[in-house]
Amino acid sequence: GEGGFGDIEFAAYDKGWNDALEKRKYAPVLDPVAAEPRASSSRWGLGSLFQLAMAGTLIYQMGAPGGQPWSAANAIAGARNMNPMTLVFLLNMLSGLF
């Protein structure tokens with residue numbers, strides 16, 4: 001263009017410059033990079049794996065109190081006797097995973 005640098009970084013500047021010189025109304029510049037479809041990412045990123053590890057550790061500790069072997073009965077008893085704030089924390093982590 002007339003005021004052009006020719007680089008893609010200055011495409012919007014060039015368009016605005018040329019529009020102003022020719023007294024045209026403002027029209028947005030379509031960014032070719034932003035228009036490209038992005039690859040969809042999985043919801044199971046590093047943050048989700050970290051949440052899953054924390055929840056798994058907490059559930060394991062509930063089911064194996066004092067170094068005893070893990071059992072579902074101990075985990076249920078541990079959940080019933082759990083601090084309510086810790087229970088909310090655990091449910092929040094689990095709800096964020098699904």
Side-chain angles (χ1 to χ4, degrees):
E2 288 179 317
F5 293 82
D7 294 330
I8 204 158
E9 295 91 19
F10 295 103
Y13 179 83
D14 287 343
K15 184 177 180 328
W17 176 266
N18 292 331
D19 286 350
L21 287 177
E22 296 173 16
K23 297 189 185 331
R24 288 186 285 200
K25 286 185 91 176
Y26 167 77
V29 176
L30 296 177
D31 186 5
V33 176
E36 293 177 10
R38 293 182 174 216
S40 64
S41 63
S42 170
R43 290 187 58 212
W44 289 91
L46 187 60
S48 295
L49 294 176
F50 184 69
Q51 280 183 322
L52 187 62
M54 288 178 57
T57 301
L58 191 57
I59 292 170
Y60 178 78
Q61 288 175 352
M62 284 190 308
Q68 297 175 5
W70 193 88
S71 72
N74 283 342
I76 292 170
R80 287 184 180 156
N81 296 325
M82 184 184 287
N83 180 349
M85 213 43 209
T86 306
L87 183 61
V88 168
F89 177 69
L90 175 64
L91 292 176
N92 186 27
M93 279 193 300
L94 292 176
S95 70
L97 293 173
F98 303 104

> Restricting to side-chain contact (heavy atoms from CB on, under 4.5 Å), what partner residues turn up for Leu94, sequence neighbours left out?
Ala55, Leu90, Leu97

> Go through the structure and list residues passing side-chain contact (heavy atoms from CB on, under 4.5 Å) with Asn83, not counting sequence neighbours.
Met85, Thr86

> Where is the tightest heavy-atom contact between Met54 and Met93, given as atom of each residue plus distance?
CB-SD, 3.7 Å

> Output all residues satisfying side-chain contact (heavy atoms from CB on, under 4.5 Å) with Ile76, sequence neighbours left out; order by chain, then residue number.
Arg80

> I'd like to know if Leu91 and Ile59 are part of one continuous hydrophobic network [Ile/Leu/Val/Met/Phe/Trp/Tyr, side-chain heavy atoms within less than 4.5 Å].
yes

> Can you name the side-chain hydrogen bond (donor to acceptor under 3.5 Å, both in side chains) partners of Asp19, sequence neighbours left out?
Lys15, Arg24

> I'd like to know if Met62 and Val88 are part of one continuous hydrophobic network [Ile/Leu/Val/Met/Phe/Trp/Tyr, side-chain heavy atoms within less than 4.5 Å].
no

> Just grab all the side-chain hydrogen bond (donor to acceptor under 3.5 Å, both in side chains) pairs involving residues 62-76, residues at least two apart or on different chains.
Ser71-Asn74

